[in-house]
Structure formats: structure tokens, C-alpha cells
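Data first, discussion second: the structure below is written as C-alpha cells.
Heads up: numbering here begins at 1 and tracks the sequence. Hydrogens, waters and symmetry mates play no part in the numbers below; they use all other heavy atoms, side chains included.
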Amino acid sequence: MNYRLDERIPRRGTWSEKWDTGQQLFGDQDVLPLWVADMDFACAPAIVEAVTERSKHGIYGYTLRPQEYLDAITGWFSRRHDWEIDSAWLTDAPGVVPALSIAVQALTAPGDAIIVQPPVYNPFYDVIRRNDRKVAENPLILENGQYRMNYSELEALMQDGAKLLLLCSPHNPGGRVWTREELEQVGSLCTRYGVKVVADEIHCDLVFREQRHLPFASLSEAHAQMTVTCLAPSKTFNIPGLATAFTVISNTELRRRFNDRLKALALGSVNYFGPAATIAAYNQSEDWLEAVLDYVQDNRDYTIKYLSTHLPEVQPMLSEGTYLLWVDYRKLGLSGTELKQLMYRQAKVAFTEGSVYGTNGEGFLRINLACPRSLLTEALERFVAAVRR
């Protein structure tokens with residue numbers, strides 16, 4: 001089926017955070033936005049139809065979780081990831097970032113150290129600091145164009161008393177899909193030092209053909225008992241505006257603590273459109289996802305080739321998953337401030353400048369590849385021309 005992924009759908013004037021904040025964020029409404037993780041592809045037809053039909057009822061009242069919704073989630077993770085989930089382990093949340101914050105509050109105390117592995121998704125820092133916890137950085141090591149974990153430093157942080165690890169899997173912005181051996185080594189350390197894991201696996205379905213995502217909690221019963229897994233169909237199926245997400249927590253005590261905190265914050269309500277969209281996504285939209293994955297992988301390969309030809313001074317990292325490309329621009333000799341000036345003022349394009357992901361993100365930028373090829377090409381041409389000028 002043709003899902004029209006090449007079509008440039010106008011989004012300005014639709015209250016889009018991505019397209020309608022150019023003046024506010026970048027000083028120019030005409031900047032091409034390839035920054036926030038929001039696809040420029042139309043949703044799968046089954047999702048559009050499900051949301052449209054639900055809207056026709058005309059009464060948008062408080063909503064419960066139907067069994068069909070729970071079955072859609074458990075069926076998807078069984079088929080797609082060989083992970084057998086009991087529906088009793090599922091807890092709803094308005095988004096993965098709120099779920100991360102709730103888990104931090106539920107599983108740690110003010111002043112506790114929480115481990116992050118930068119460069120990493122910047123809200124990780126927010127949910128730690130704004131909850132009066134301490135950031136404990138375990139920087140990833142860049143080696144042969146790929147990130148790997150520093151286990152000796154990770155163990156040292158645990159020995160020093162860190163209580164929790166925020167695991168980004170697949171990794172954003174680096175695009176790594178962690179291997180079984182890597183995840184098992186993390187689990188072994190966490191078991192030894194009694195460290196809990198909150199796994200942000202929102203990009204779990206966005207891995208390329210040669211890769212396979214392994215849910216951290218699926219590796220063993222020991223892994224499952226230490227883990228809160230945060231998930232959503234939002235990145236996979238481009239429905240972040242529907243604010244529908246969930247956690248998987250098999251450990252009864254961890255689940256009780258998470259749910260107690262969720263109720264204390266009065267955040268347990270279900271989005272009216274969320275179950276319908278999730279059911280349509282997981283039960284009827286797998287072909288759409290496969291088409292998107294092929295398209296994004298082609299965009300990745302195209303971007304790497306384009307930059308190697310026209311701007312070999314920058315070095316893209318070969319991403320294994322997500323629709324984000326992490327690019328090393330350090331050889332250009334630009335500071336983060338200078339890069340933003342070049343992007344926003346001269347190229348009129350917005351990639352994400354890497355320092356927001358931690359200090360070892362400085363000298364890098366992140367490109368959103370989930371867009372029509374013509375839009376990606378225009379953004380790359382603008383960027384390269386500005387650098388050359």
C-alpha cells in the first residue's frame with residue numbers, strides 16, 4: 001500500500017509545536033524544523049479512521065481502559081518483541097516523560113543520586129533535578145563511530161550509592177540498539193548493588209532491519225523485578241499529541257509505589273482518543289510501520305552519503321534505531337552558539353544542537369529523519385551551503 005510518505009503535508013498554522021514555534025525558538029518562522037522527535041508523515045489510515053469514528057460520538061467524557069486496549073498492547077509486545085506481558089502489569093500515564101518523573105518520585109528520595117548515560121535525552125536531567133535528586137553522569141564512550149557503555153565508571157557510581165539508573169534503550173540521540181550482552185552486564189551490576197532501573201523504551205519499535213530491540217525487563221526474572229519500563233505508541237505511530245502512554249511493572253511492590261504516586265498526582269486519567277488509537281496502531285498498522293522504517297533507513301543512508309560527499313568535515317554516526325541521526329561537527333571548529341547562529345540565521349534550518357544532551361554532546365547535532373525526502377534534502381542543502389559560505 002502507498003502511504004504517501006513523500007508527500008509534504010502543510011503543518012504550519014495547525015498549533016504544531018514543531019512547525020509553529022519558529023519565531024519563538026529560532027527567531028524566524030520560516031526555519032525548516034528537523035529537531036523535535038515528531039514525524040512529518042501522516043498517521044496510519046487505521047489510526048485516522050479510529051480517531052475520526054470516535055470523535056463522531058460527540059461526548060468526550062471520562063474514559064476507561066477497555067480489555068481490547070490491554071490485549072492490543074500485550075499482543076503487540078508478544079508478536080514484535082517476544083515479551084509476554086501480563087495486563088495486570090500495565091499502568092497508564094499521560095506520557096513517557098511524566099512516567100519517568102513519577103518513577104523517580106516513587107523509587108527514590110530527595111537527595112538520591114540517579115544515573116544517566118550522556119549524551120542522552122535531555123528530559124532525563126529535568127526529571128532528576130526538578131525532583132530534588134542528584135544527577136550522576138556515566139558518559140558513554142565514543143569508539144570507532146559508535147557509543148559503548150563505561151561499566152567501570154557505572155559500577156563506581158553504584159558503589160557510591162546511586163539508587164536508580166535511567167536507561168535509554170534504544171539510545172536517543174546516539175541511535176544505539178543495545179545488545180543482550182550489554183544489557184545483561186548492566187543488569188548484573190544493578191543486581192549486585194541493589195539499583196533499580198527505569199527503562200525509557202519509547203523508540204523500541206523504531207529499529208532497522210539488521211537490528212533487534214531487547215526489552216530490558218524481558219531478559220530474565222531478575223531484570224524484570226528491578227525494572228519500570230516506560231512505553232508508548234506515540235513515537236512509533238506518530239501520535240504524541242494524543243498523550244497516551246503506559247508502564248510495564250511486574251514487581252508488585254514497585255508497581256504499588258508507582259501507582260500510589262500516580263494517584264497522588266491525579267494523573268491516572270485516560271485520554272478519550274488514546275485507547276482507540278492504540279488499538280488501531282497495534283492491531284492494524286504494522287504494515288505502515290514497516291514502510292516507515294524502510295523510508296527512514298533510506299533517509300539515513302541518503303543523509304550519510306550526502307554529507308560525506310558535500311560536507312566530509314562532519315561525521316554522522318550510523319544509527320541502529322530511532323529516526324534520529326547524531327552528527328559530529330567538531331571539525332568545523334564552531335561553538336554551540338556559533339552553530340545555532342549558522343543554522344537559524346544563515347541556513348534557516350533547525351537541527352538540535354547537542355549540548356542539551358549533556359556536556360559530551362557538545363560538538364554534535366541531531367537531525368530528525370522522519371520527513372519526506374524532499375524536505376530532508378532542502379534542509380541538508382541549506383545547511384551545507386551555509387557552512388560553505
So does Asp301 pair up with Lys305, basic N to acidic O under 4.0 Å?
no

Sequence neighbours left out, what passes side chain to side chain donor-acceptor pair (under 3.5 Å) with Arg261? Give chain and number order.
Gln105

For Ser78 and Glu84, does a side-chain donor sit closer than 3.5 Å to a side-chain acceptor?
yes

Checking side-chain polar atoms at under 3.5 Å, does Gln185 have a donor or acceptor matched by the opposite partner on Glu181?
no

Using a 3.5 Å distance criterion without hydrogens, assess whether the side chain of Trp178 forms a donor-acceptor pair with backbone atoms of Cys168.
yes

Scan side-chain atoms only and decide if Ser101 and Asn131 contain a donor-acceptor pair under the 3.5 Å cut-off.
yes

Quick test of your reading of the model: are Arg8 and Asp40 salt-bridged, counting only N-O distances below 4.0 Å?
no

Under 4.5 Å between side-chain heavy atoms, hopping through other hydrophobics if needed: is there a path connecting Leu165 to Leu140?
yes

Look at Glu153 together with Arg148 and state whether they make a salt bridge at an N to O cut-off of under 4.0 Å.
no

Sequence neighbours excluded, every pair satisfying salt bridge (charged side-chain N to carboxylate O under 4.0 Å, His left out) that has a member inside residues 118-133:
none

Quick one: closest heavy-atom pair of Met158 and Cys190, and the distance?
CE-SG, 3.6 Å

Pairing donors with acceptors under 3.5 angstrom, does anything connect the side chains of Glu182 and Tyr151?
no

Using the test ring pair (Phe, Tyr, Trp, His ring centres under 6.0 Å), find all partners of His223 that sit at least two apart in sequence or belong to another chain.
Phe216

Contact summary for Ala224 and Ala217, nearest pair of heavy atoms
CB-O, 3.3 Å

Between Thr91 and Asn259, does any side-chain donor sit less than 3.5 Å from a side-chain acceptor?
yes

Ignoring hydrogens and angles, state whether a donor on the side chain of Tyr323 or Asn238 is under 3.5 Å from an acceptor on the partner side chain.
no

If the plane angle is over 60° it's perpendicular, under 30° parallel, otherwise tilted; pick one for Tyr121 and Phe124.
perpendicular

Checking side-chain hydrogen bond (donor to acceptor under 3.5 Å, both in side chains) for the pair Thr377/Tyr302: CA distance, chi angles, key distance, verdict?
CA-CA 9 Å; Thr377 300; Tyr302 170 81; 2.9 Å; yes

Non-hydrogen side-chain atoms of Leu324 and Pro173 separated by less than 4.5 Å
no

Tell me if a side-chain donor or acceptor on Arg255 pairs with a main-chain N or O of Ile249 at a distance below 3.5 Å.
yes

Go through Asp294 and Arg209 one step at a time and tell me if the salt bridge (Lys or Arg N to Asp or Glu O under 4.0 Å) criterion holds.
CA-CA 8 Å; Asp294 286 343; Arg209 286 184 292 268; 2.3 Å; yes

Is NZ or CZ of Arg300 both nearer than 6.0 Å to the six-membered ring centre of Phe208 and within 45° of the ring axis?
yes

Looking at Lys340, Lys348, Arg345, which one forms a salt bridge (charged side-chain N to carboxylate O under 4.0 Å, His left out) with Asp28?
Lys348

How would you list, by chain and number, every residue that makes a ring pair (Phe, Tyr, Trp, His ring centres under 6.0 Å) with His81, sequence neighbours excluded?
Phe77, His213

ILVMFWY clustering at 4.5 Å (side-chain atoms), partners of Val177:
Val207

Please check if atom CD in Glu7 has more than 12 non-hydrogen atoms from other residues, nucleotides or ligands closer than 6.0 Å.
yes

More than 12 non-hydrogen atoms from neighbouring residues, nucleotides or ligands closer than 6.0 Å to NZ on Lys18, yes or no?
yes

Quick one: ring pair (Phe, Tyr, Trp, His ring centres under 6.0 Å) pairs with a partner in residues 17-45, sequence neighbours left out?
Phe26-Trp35, Phe26-Tyr344, Phe41-Tyr295

